[in-house]
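These notes are about the structure you will find just below.
Whatever order the structure lists ligands and atoms in, that order sets their numbers, starting from 1.
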Amino acid sequence: MRIAVCPGSFDPITKGHLDIIKRASKLFDNVIVVVLQNTAKKYTFSVEERVHFIEESTADIANVSVDSYDGLLMDFCKMKGAVAVVKGLRAVTDFEYEFQMSLINKQLNPEIETVFINTAQEYMFLSSSVVREVASFGGDVSQFVPEQISTEITERFIKEG
Ligand code: ADP
């Protein structure tokens with residue numbers, strides 16, 4: 001059984017994330033999407049909300065499960081018996097940070113590989129921050145987030161004012 005972990009903050013999950021998760025689910029037997037908590041970072045959505053949005057968005061993919069973790073990614077991977085970490089790459093800007101992270105993770109656990117999957121062209125400029133920005137001004141985010149959660153995201157921002 002080859003297990004891969006897809007880590008991120010997913011604040012919230014976008015169509016770009018979902019595309020990477022779907023493609024990873026075809027390469028591995030099981031994919032665990034994990035919402036990582038970075039104590040130094042402020043998030044718009046709670047861990048529970050972010051996990052819920054990912055669960056809704058991936059409900060139709062049988063070999064994908066969702067979890068959250070507030071420790072080291074490599075410890076999570078070891079605990080789950082994962083062989084790889086899957087990351088999406090949008091542009092050169094992602095590359096430098098991800099390249100550094102993958103080398104650090106390799107140092108922490110040489111058994112686990114980092115696999116990079118290129119963004120689909122149409123999602124190249126899509127990020128969670130774009131979604132938050134558009135939604136906070138009452139804009140339509142349906143083209144940016146999985147359709148299952150589009151209404152919930154919009155309502156959440158209306159409620160917050
Ligand atoms: P963000 O950068 O949007 O806050 P995360 O920290 O949740 O995203 O990122 C998790 C992973 O998803 C990272 O590897 C990131 O490069 C990747 N990713 C984010 N958006 C996209 C996209 N539109 N296409 C491909 N990969 C993406």
Ring pair (Phe, Tyr, Trp, His ring centres under 6.0 Å): which pairs involve residues 58-78, sequence neighbours left out?
Y69-F76
Does F45 have any ring pair (Phe, Tyr, Trp, His ring centres under 6.0 Å) partners at least two apart in sequence or in another chain, and if so, which?
F53, F157
Would you kindly check if the NZ (Lys) or CZ (Arg) of R50 is within the cone defined by 45 degrees around the ring axis of Y43 and under 6.0 Å from the six-membered ring centre?
yes
Output all residues satisfying ring pair (Phe, Tyr, Trp, His ring centres under 6.0 Å) with F99, sequence neighbours left out; order by chain, then residue number.
F95
Supply the atom-to-atom distance K87 NZ to I117 CD1, rounded to the nearest 0.5 angstrom.
12.0 Å
For S9 and D11, which I'm curious about, is there any donor-acceptor pair between the side chains at under 3.5 Å?
no
Heavy atoms under 4.0 Å from ligand 1: which residues qualify?
P7, G8, S9, F10, G16, H17, I20, K87, G88, R90, D94, E98, T119, Y123, L126, S127, S128
